[in-house]
Amino acid sequence: MDAYELLTRNAEEVVTDEEVRDLAEDAAGKRAYVGYEPSGVLHLGHLLTANKLIDLQEAGMEVVILLADVHAYLNEKGSFEDIRETAEQMKAQFLAYGLDEELTEFVYGSEFQLEDDYTLDLHHLERETTMNRAQRAMAEIQGDETAKVSHLVYPLMQTLDIEYLDLDLAVGGLDQRKVHMLAREKLPELDYEVRPAIHTPIVANLTDGEGKMSSSEGITISMEDSTDELEDKVNSAYCPPTRDPEPSEDGTERENPVLELFEYHVFPRFDEIVVERPEKYGGDLTYDDYEDLAADLESGDLHPADAKGTLATYLDELIAPGREKLYELRD
RNA sequence: CCGCCCUUAGCUCAGACUGGUAGAGCAGUCGACUGUAGAUCGACUUGCCCCCCGUUCAAAUCGGGGAGGGCGGACCA
C-alpha cells in the first residue's frame, strides 16, 4: 500500500486531496496529530482515529497525540490532577493498542498552551473570530446547552495547537471538521501556514444504526469491556442482512453498524478474517477483504449471527492488550 | 441592578388555579417470534416532585426564603 493510500483509506473526508497528495509524496518524518480530551477508558471512537494514526506511522510519519488537559479543563472535566491521571491511563492504552512508541509523541496541552506567545496569539485569534463562528465550530463537540465563553475559546485553541505543535496534518473524527475548517481559514490571518486535515468516519449507533455511536448515550464498546460484555454488546447490535438498511419509520438514515465495525476496525488491523461456523451452516469462511464479507452478508451467504460472533472475537483481540494494561494500572 | 419564566422518571413534559405523598410518551429491562439485531406482540421497572422554613390532620400543589437555568430591561458614566 503506498503512502497516499495509507493516509486516505477509510477516511470520510480529505481536505484537500491535493494537499494530502503532496504530503504523501514525502511523508517520512512529517508530523500529524489528533487531540483528545483525556478520558480514563478508550472507546471505539478513540480507536478509529488511532487506526488512522497507525496508518500514518506505517507511512513513516510521526504522530503527536495531544492530551488536551486544558481543553478538558475548559470543558469542566475535573481538576488538573484528575485529568492527568486519566491521561496517563489513556496514553498506556494507546501504546498497548499498537501505536509505535518510537513514532509517537504524547504532549500535554498545558506544556505549551499557557505560554505568553500562545496566549497572545489566542487573543489575536479572538479578535479575528466572531462568536457566531466559534460557536458553530464547537456545536458538534459541545452538543448540550448554552455556550459559555470557554466553549468559544476551545476551538480557537485547537486552531493554534496545529501551529504550535509544528504539524503537517490534522486528524480527527468528522465531528472535528468545523474546527479544522476554522483553523484553515484563520491560520493564514495570523500569517501561519494552512495544514490539510483528514477526517475519520463516525460509526453509527450500535443499537439502532442511527446517528452516531456516542460515549454519552447508547451502547459503547470500550477498552474495559470483558469478553462476555463485548459479545453481549455486539450481539445486541442492529444488523439487518444488508449494507444499506432502510431508513427508520421517522425517516432517519440508518447504517449497518456491524459492517462498519468490520470495515473500520477489523479489516484494517487483520490480514485475514476467519468466520468459524458449524458444519450445519456451511463450515468456516475466510475473508481478506471487507467488500467480500459485506457482499456475502448481503447475499445471505453469511448470516448476521455468524458475522456478529466473528466481530466480537476480533474486537476482543484488538482490545485485549489495552484492557490488561488498564486493569494493571487500576490495581 | 431591576423584572418575568422555568426546575417532577434516563429524556420531553402533564399534574399546581380547586392540598389527600405522581402520571403519559419516548427510552430501558425481560419474555415470545425470527439461526442475529430490528419490526411486531406480551409483561415489567424507574422518582430526595431543586433545597430550607412555615400553614395544615395532610404540601409536588398554598405562603416565605434560597439555589440553579433561561429571557428581557435599565444604566450608557
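These figures come from a predicted structure and were not determined experimentally. Order of the sequence lines sets the chain letters (A, B, ...), proteins ahead of strands, with each chain counted from 1.
- With both pairing distances under 3.5 Å, B:rU7 is matched to B:rA67 as a Watson-Crick or G-U wobble pair.
- For the C1' atom pair drawn from B:rU45 and B:rG23, the interatomic distance equals 15 Å after rounding to whole Å.
- Residues satisfying the ring-ring contact (aromatic ring centres under 6.0 Å, His included) criterion with A:His46, sequence neighbours excluded, are A:Tyr36, A:His43.
- Within 4.0 Å of A:Pro241, counting heavy atoms only, lies at least one base atom of the nucleic acid.
- Across the P atoms, B:rC71 and B:rC13 are found 15 Å apart, a figure rounded to whole Å.
- For the side-chain contact (heavy atoms from CB on, under 4.5 Å) test, residues two or more places apart in sequence or in another chain that qualify with A:Pro321 are A:Ala96.
- Atom name P, nucleotides B:rG72 and B:rG66: the rounded distance is 24 Å, in whole Å.
- Both distances falling under 3.5 Å, in either a Watson-Crick or a G-U wobble arrangement, occur for no nucleotide opposite B:rU55.
- Ring-plane geometry between A:Tyr192 and A:Tyr164 is classed as perpendicular, the angle between the planes exceeding 60 degrees on a 0 to 90 degree scale with a lower cut at 30.
- For the P atoms, the distance from B:rU46 to B:rG25 is 16 Å, rounded to whole Å.
- Between A:Tyr154 and A:His71, the two ring planes are perpendicular [angle over 60°; tilted spans 30° to 60°].
- The gap from the C1' atom of B:rA14 to that of B:rA60 amounts to 12 Å, rounded to the nearest Å.
- Look at B:rG38: it lacks any Watson-Crick or wobble partner with both distances under 3.5 angstrom.
- Across every strand in view, B:rA16 sits unpaired, with no contact that passes the Watson-Crick or G-U test at under 3.5 angstrom.
- Taking 4.0 Å as the cutoff to heavy atoms of chain A, we find the contact window on RNA chain B bounded by B:rG35 to B:rG70.
- B:rC2 and B:rG72 make up a base pair, with Watson-Crick or G-U wobble contacts both under 3.5 Å.
- Nucleotide B:rA43 is matched to B:rU29 when pairs are restricted to Watson-Crick or G-U wobble geometry with both distances under 3.5 angstrom.
- The C1' atoms of B:rA27 and B:rU12 are separated by 11 Å, rounded to the nearest whole Å.
- In this structure, A:Arg31 and A:Val64 approach most closely via the heavy-atom pair NH2-CG2, 3.5 Å.
- The partner of B:rA60, taking Watson-Crick or G-U wobble pairs whose two distances both stay under 3.5 Å, does not exist in any strand shown.
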Exercise. Just do the side chain to side chain contact (heavy atoms under 4.5 Å, CB included) check on A:Thr242 and A:Leu297 with the steps written out, would you?
Key: CA-CA 6 Å; A:Thr242 173; A:Leu297 187 80; over 6 Å; no
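- Using C1' as the reference atom, B:rA67 and B:rC52 are 10 Å apart when rounded to the nearest Å.
- Side-chain contact check for A:Leu261 versus A:Leu206: some heavy-atom pair is nearer than 4.5 Å.
- Across the C1' atoms, B:rG42 and B:rC33 are found 11 Å apart, a figure rounded to whole Å.
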